[in-house]
Enquirer: 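Supplied in structure tokens, the structure appears directly below.
Bear in mind the structure is a predicted one, so any value in this text is a computation, not a measurement.
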Amino acid sequence: MLALLREDVACVFDRDPAARNVFDVLTCYPGIHALVMYRFANAAWRRGLRWPARFVSYVARAVTNIDIHPGAGIGRRFFIDHGAGVVIGETAEIGDDVTLYHGVTLGGTSWTKGKRHPTLMDGVLVGAGAKILGPITVGTNARVGANSVVTKPVPPGMTVVGIPGRVVRPETQRHPSGRQLSDHGIDLEHHLMPDPVGKAIACLIDHINRIEARLEAHTATEPSQFPAKNIRLSEFRLNDMHRDIRLDGVACSSCGNICDQEGCGPSPSTQQHA
């Protein structure tokens, strides 16, 4: 127990630059207070002392605003930064070197007995306000972006953002080479979270602009190909216009949309459609 607590306190200095000394951490960090009380409550829970364990958990919640069920399994060097509003359910499992920020929920999606809360493997980082729900597994060294809602398993080393959570980028593509991590390999660079929806919208807007430019160029050079205002639609052959105006694009390899951006090569999955 004491060895675990020493590691829990020591890991704070690796992940929080505001930590000044051990006394400061022991007296002013609610995440450490909640974790210390959880360690004792979990020991009582495993020995069959269910009510005392729940009462210790209740006191910890009243003092720290962090709700950790004594039946949850938490590994070594676990750190809750700021801590307010964190909820960890009974059947949740957390590996070593995991970091949670405030407002994180490891919750369930059903009232059935058995495994109903998520499993976080070693090295996972969960951003502020994220919700991970159901008996899913978040793989080793994965990251969950702030305010994401994750209901499906996350492969190791991947980043998840959005509602619902979307896997967007593996670890090898998240940062330039030579990046610096903490001693335990924890990646704390929240500002580098990608935005898949924003990327798709940007590609779509660029594609629309290129289509409009082609239409304007076509009307300027060959205005006779388009119907005059006094010609009825039934007398105009749309196939003629479609044959003359070619708006073929390629599948953008970065977002999967059909677009014709410079430098975007075709995606194998959608190349045939182009």
Enquirer: Is there a path of hydrophobic side-chain contacts, each under 4.5 Å between heavy atoms, that joins Leu26 and Phe13?
Expert: yes

Enquirer: Please evaluate residues Val144 and Tyr101 with respect to the criterion side-chain contact (heavy atoms from CB on, under 4.5 Å), reporting the C-alpha separation (whole Å), side-chain torsions for both, the decisive distance (0.1 Å), and the verdict.
Expert: CA-CA 11 Å; Val144 178; Tyr101 284 82; over 6 Å; no

Enquirer: For residues 145-157, which residue pairs pass the side-chain hydrogen bond (donor to acceptor under 3.5 Å, both in side chains) check, not counting sequence neighbours?
Expert: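 Every candidate side-chain hydrogen bond (donor to acceptor under 3.5 Å, both in side chains) pair involving residues 145-157 fails, so no pair, neighbours aside, qualifies.
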
Enquirer: Are Val36 and Val9 connected in the hydrophobic side-chain network, where two residues link if heavy atoms are under 4.5 Å apart?
Expert: yes

Enquirer: Can you give me every donor-acceptor pair (side chain of residues 114-128, partner residue at least two apart or in another chain, under 3.5 Å) with its distance?
Expert:
residue: Lys115; atom: NZ; partner: Thr91; partner atom: O; Å: 2.6
residue: Lys115; atom: NZ; partner: Glu93; partner atom: OE2; Å: 3.4
residue: Lys115; atom: NZ; partner: His117; partner atom: O; Å: 3.0
residue: Lys115; atom: NZ; partner: Thr119; partner atom: OG1; Å: 3.0
residue: Arg116; atom: NH1; partner: Gly114; partner atom: O; Å: 3.3
residue: Arg116; atom: NH2; partner: Glu90; partner atom: OE1; Å: 2.9
residue: His117; atom: ND1; partner: Thr91; partner atom: N; Å: 3.2
residue: His117; atom: ND1; partner: Thr91; partner atom: OG1; Å: 2.7
residue: Asp122; atom: OD1; partner: Asp96; partner atom: N; Å: 2.8

Enquirer: Show the nearest heavy-atom pair for residues Pro30 and Ile66, with the distance to one decimal.
Expert: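 Scanning both residues completely, I find the closest heavy atoms to be O-CD1, 3.8 Å.
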
Enquirer: My understanding is that only residues two or more places apart in sequence, or in another chain, count here; which of them pass ring pair (Phe, Tyr, Trp, His ring centres under 6.0 Å) with Tyr58?
Expert: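 Tyr58: no ring pair (Phe, Tyr, Trp, His ring centres under 6.0 Å) contacts found.
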
Enquirer: Going from CE on Met37 to CD1 on Ile32, what distance comes out if it is rounded to the nearest 0.5 angstrom?
Expert: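 Atom-to-atom, Met37:CE and Ile32:CD1 are 13.5 Å apart.
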
Enquirer: How would you list all residue pairs meeting salt bridge (charged side-chain N to carboxylate O under 4.0 Å, His left out) that involve residues 32-47, not counting sequence neighbours?
Expert: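 Matches after skipping sequence neighbours: Asp8-Arg39.
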
Enquirer: For residues Arg54 and Pro70, report the shortest heavy-atom separation together with the two atoms involved.
Expert: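 Minimum heavy-atom separation between Arg54 and Pro70: CD-CG, 3.6 Å.
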
Enquirer: Atom CG of Leu35 and atom CG of Leu5: how far apart are they, to the nearest 0.5 Å?
Expert: 7.0 Å

Enquirer: Considering all heavy atoms of both residues, which atom of Ala72 and which atom of Gly89 are nearest to each other, and what is their separation?
Expert: CB-O, 3.3 Å

Enquirer: Taking Thr27 for its side chain and Phe23 for its backbone only, find out whether a donor-acceptor pair lies under 3.5 Å.
Expert: yes

Enquirer: Going by heavy atoms in the side chains, are Phe79 and Val12 under 4.5 Å from each other?
Expert: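 Counting from C-beta outward, Phe79 and Val12 do come under 4.5 Å.
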
Enquirer: Identify whether Leu133 and Leu106 are in the same connected component of the hydrophobic contact network (ILVMFWY, side-chain heavy atoms under 4.5 Å).
Expert: no

Enquirer: Looking only at heavy atoms, which two atoms of His69 and Tyr38 are closest? And how far apart?
Expert: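 Smallest interatomic distance, heavy atoms only, reads O-CE1, 3.7 Å.
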
Enquirer: For the residue pair Asp24 and Asn21, what are the closest heavy atoms and their distance?
Expert: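 Distance-wise, the nearest heavy atoms are N-OD1, 2.7 Å.
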
Enquirer: Checking the side chain of Ser57 only, and the main-chain atoms of Ile68 only, is there a donor and an acceptor separated by less than 3.5 Å?
Expert: yes

Enquirer: Taking all heavy atoms of Cys11 and all of Phe78, pick out the closest pair and write down the distance.
Expert: SG-O, 4.1 Å

Enquirer: Within a 6.0 Å radius of atom CZ on Arg20, are there more than 12 heavy atoms belonging to other residues, nucleotides or ligands?
Expert: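 Open: at most 12 neighbouring heavy atoms sit under 6.0 Å from CZ of Arg20.
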
Enquirer: If two hydrophobic side chains count as joined below 4.5 Å and joins carry through other members, does Val56 share a cluster with Trp51?
Expert: yes

Enquirer: Which distance, rounded to the nearest 0.5 Å, do you find between the CD1 of Ile80 and the OG1 of Thr64?
Expert: 8.0 Å

Enquirer: Consider only side-chain heavy atoms of I, L, V, M, F, W and Y, link residues closer than 4.5 Å, and tell whether Met158 and Ile136 are in one cluster.
Expert: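 Same cluster.
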
Enquirer: Quick check for you: to the nearest 0.5 Å, what is the distance between Ile94 atom CD1 and Ile88 atom CD1?
Expert: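 Interatomic distance, Ile94 CD1 to Ile88 CD1, rounded to 0.5 Å: 4.0 Å.
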
Enquirer: Restricting to pairs with a member in residues 57-70, which pass salt bridge (charged side-chain N to carboxylate O under 4.0 Å, His left out), not counting sequence neighbours?
Expert: Arg61-Asp67

Enquirer: Suppose we screen for side chain to side chain donor-acceptor pair (under 3.5 Å). Which residues come up paired with Arg76, at least two apart in sequence or across chains?
Expert: Glu7

